[in-house]
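What follows is one structure encoded as C-alpha cells, with my remarks underneath.
Each residue takes its place number in the sequence, starting with 1.
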Amino acid sequence: MSKGKLDLSKLAPQTRLIAAGREQSEHGFISPAVYHGSTILLPDVDTFRNRPYAYARRGTPTSKALEQAIAGLEGGYDAVITPSGLSAISTTLLAYLNAGDHLLVTDAVYSPARHFCDTVLKRLGIETSYFDPGIGSGIAAMIRSNTRLVYCETPGAQTMEIPDIPAIAAAAHDRGCLMMLDNSWSGGYYFRSFEHSCDISLQSATKYLGGHSDVMMGCVTTTKEAWAPLKAAYGAMGLCAGPDDIYLTLRGIRTLDVRLARHMSSAIRVAEWLRGRAEVDTVLHPALSNAPGNEIWKRDFKGSTGLFSIILKPCSDTALKALIDGFQLIGLGFGWGGFESLCSPFTPTRVATAWKAQGPAIRFHIGLEDPNDIIADLKDGFRRLTAAA
Ligand SMILES: *Cc1c(COP(=O)(O)O)cnc(C)c1O
C-alpha cells in the first residue's frame, strides 16, 4: 500500500484480515497480481546475486502476500503455503522428526494424517503413539526421552473432542517437545494457537480460508524459534501451490470474519434444533451448553464454526440411507468449509480410546444458506428415516 507500512499488531483481528499482505500489490491495485510463471528474468549480475524473487517455486509476490496474511491471521512469526492441508501435515512432520524419534498424536486426528504416520513415518524409523484427546497434563506419562513432537487437533476430526491444549503444551515443553496443532476448524481465527502455547499451527486452507470449495491449499505457521527447520524442509521438498489457487485463498481470507460469524450462528441454530429431536442421541458441538468439551471451548475459543457431528439413536442402515440420500440441500461429501452445507456418515478409527456410540454418526457442515431451509431439509429426512425404520 502506498501510505507506508501499517503496524498490523495494533489492529483488531477483523481489520488485520483486510490489511495483511497488501504491500505486495502494485500500481494501486487492491489485490496482488497473479503471476503465471516459472522463470523470472534478472536484469544484471548484481540483481541476480541479490534477487528478491529467483524462481517461481521459491515464491512470488502473490504467495508472499498469502504467507503474510496467514502468519498475521494465526499470530505467528512466518508461514509457508503448501498445495493441500495434508501436505502441510506431512511437511511439518518431516521437518521436525528424524529416524529414531517418537511422535505423540491425538487419537482423534484427521485419518489421512494417521495413515501418513503409520506408513511413511514408520518406514523412516519414526514411531507414533496415539493419545486420548482428553488426556490433558496426563500426557507427561507418555513422553519418552526420544519424543520430539506432540501433534493435536481441536476439536478432534469428526468426533469433536476439545483437548486441553495449554495443559498438553505445557507438559510437552517441560520435556523439550514441540507442540503442533491442526487449527483448521477455527480457521486460525477463533483459536489463537500461539496464545495457547503451540509452536506450530497448520491448517487445511482448503476449508475456511479458501471458503468456496474451489481450491486445495495448506499452510503452516510457526513461532520464531521453531521456524528454521520448517522453512528448510519446505524448500527442500519442492512444494509449490498454483498461482490461481494462491490468489483465491488470499481472496477468501478477506471475508473470513463475516463468513465464520454466519457459519457459527447457523450451525448453533441447527445443532440446537437437532438436540431436540427424538431420533438424535447426542449432538457433538462444543459451543452448546453442557456438550462434551464446552467448558474448555468457552475458556480457549473466541467462536465456533460450521462443523459438528451427531450420533443417531440406533437405526438400520436402510433408515440411515433414507435420511441422507433424500437430502435436497445438504450435500453428501468430504471437504467442508465452503458456502454449502454438507454431511458425511462416519465410524472413527480408534487405537488409544474406544468409540462407544451405539447408533450411526454423521458429521455436518452448515453452510451459508438460511438455516430454516437446512432445518426443513433435516425435518423431511427424519420423516423418511422414521418411515424406513
Ligand atoms: C481436510 C482436512 C485436512 C486435509 O486437508 P486437504 O486440504 O484436504 O489436504 C487436514 N486436517 C483437517 C482437520 C481437515 O479437515
Side-chain angles (χ1 to χ4, degrees), residues 1 6-25 29-32 62 65-76 79 81 85 154-155 162 181-196 198 201-215 217-221 245-271 285-287 297-308 335-342 364-371 374:
M1 278 180 288
L6 265 175
D7 183 358
L8 295 186
S9 66
K10 295 208 167 67
L11 301 171
Q14 182 180 344
T15 312
R16 284 209 297 269
L17 294 178
I18 305 305
R22 295 259 298 274
E23 68 260 34
Q24 303 302 330
S25 306
F29 283 95
I30 304 290
S31 296
T62 333
L66 180 57
E67 285 165 359
Q68 287 174 342
I70 287 169
L73 160 68
E74 292 262 11
I81 52 182
T154 186
I162 301 278
L181 184 77
D182 185 330
N183 201 16
S184 303
W185 185 81
S186 89
Y189 200 55
Y190 290 149
F191 186 82
R192 311 292 298 153
S193 298
F194 300 104
E195 289 170 21
H196 292 96
C198 297
S201 185
L202 64 88
Q203 288 187 57
S204 166
T206 306
K207 310 293 166 52
Y208 284 128
L209 303 193
H212 294 72
S213 305
D214 53 3
V215 153
M217 189 66 66
C219 58
V220 192
T221 309
D245 292 347
I246 291 170
Y247 178 81
L248 286 171
T249 308
L250 184 61
R251 179 199 240 247
I253 285 176
R254 304 300 183 204
T255 56
L256 187 67
D257 177 85
V258 285
R259 286 188 290 109
L260 288 189
R262 179 61 70 88
H263 285 296
M264 165 160 52
S265 63
S266 294
I268 288 174
R269 176 83 208 292
V270 173
H285 187 314
W297 177 82
K298 274 194 292 198
R299 187 192 70 188
D300 290 352
F301 284 73
K302 294 186 189 309
S304 60
T305 59
L307 193 73
F308 66 92
W336 52 274
F339 47 76
E340 74 292 357
S341 290
L342 292 176
F364 287 100
H365 177 254
I366 303 305
L368 304 178
E369 306 90 344
D370 186 320
I374 298 302

Without swapping roles, check the side chain of [X] against the backbone of [Y] for a donor-acceptor pair under 3.5 Å.
| X | Y | result |
| --- | --- | --- |
| Thr15 | Leu11 | no |
| Ser201 | Ser193 | no |
| Arg22 | Ile18 | yes |
| Ser341 | Gly367 | yes |
| Arg16 | Leu73 | no |
| Glu369 | Ile374 | no |
| Ser304 | Met264 | no |
| His212 | Gly210 | yes |
| His285 | Ala287 | yes |
| Thr221 | Ala79 | no |

*Fit a plane to each ring of His263 and His365, take the angle between them on a 0 to 90° scale, and name the class: parallel (under 30°), tilted (30 to 60°) or perpendicular (over 60°).*
tilted
*asked:* I want to know whether Phe308 and Trp336 have ring centres closer than 6.0 Å.
replied: no
*Check the pair Ser184, Gln203 against side-chain hydrogen bond (donor to acceptor under 3.5 Å, both in side chains), reporting the backbone distance first and the verdict last.*
CA-CA 4 Å; Ser184 303; Gln203 288 187 57; 5.4 Å; no
*Verify whether one side chain among Arg259 and Thr255 offers a donor that lies under 3.5 Å from an acceptor in the other.*
yes
_side-chain contact (heavy atoms from CB on, under 4.5 Å), that's the test. Do Asp257 and Tyr189 meet it? Break it down for me._
CA-CA 8 Å; Asp257 177 85; Tyr189 200 55; 2.7 Å; yes
*Take Phe364 and Val270, measure what side-chain contact (heavy atoms from CB on, under 4.5 Å) needs, and give me the verdict at the end.*
CA-CA 10 Å; Phe364 287 100; Val270 173; over 6 Å; no
_For Lys302, all residues meeting salt bridge (Lys or Arg N to Asp or Glu O under 4.0 Å), sequence neighbours excluded_ = none
*Give the intermediate values and the outcome of ring pair (Phe, Tyr, Trp, His ring centres under 6.0 Å) for residues Phe191 and Phe301.*
CA-CA 5 Å; Phe191 186 82; Phe301 284 73; 4.8 Å; yes
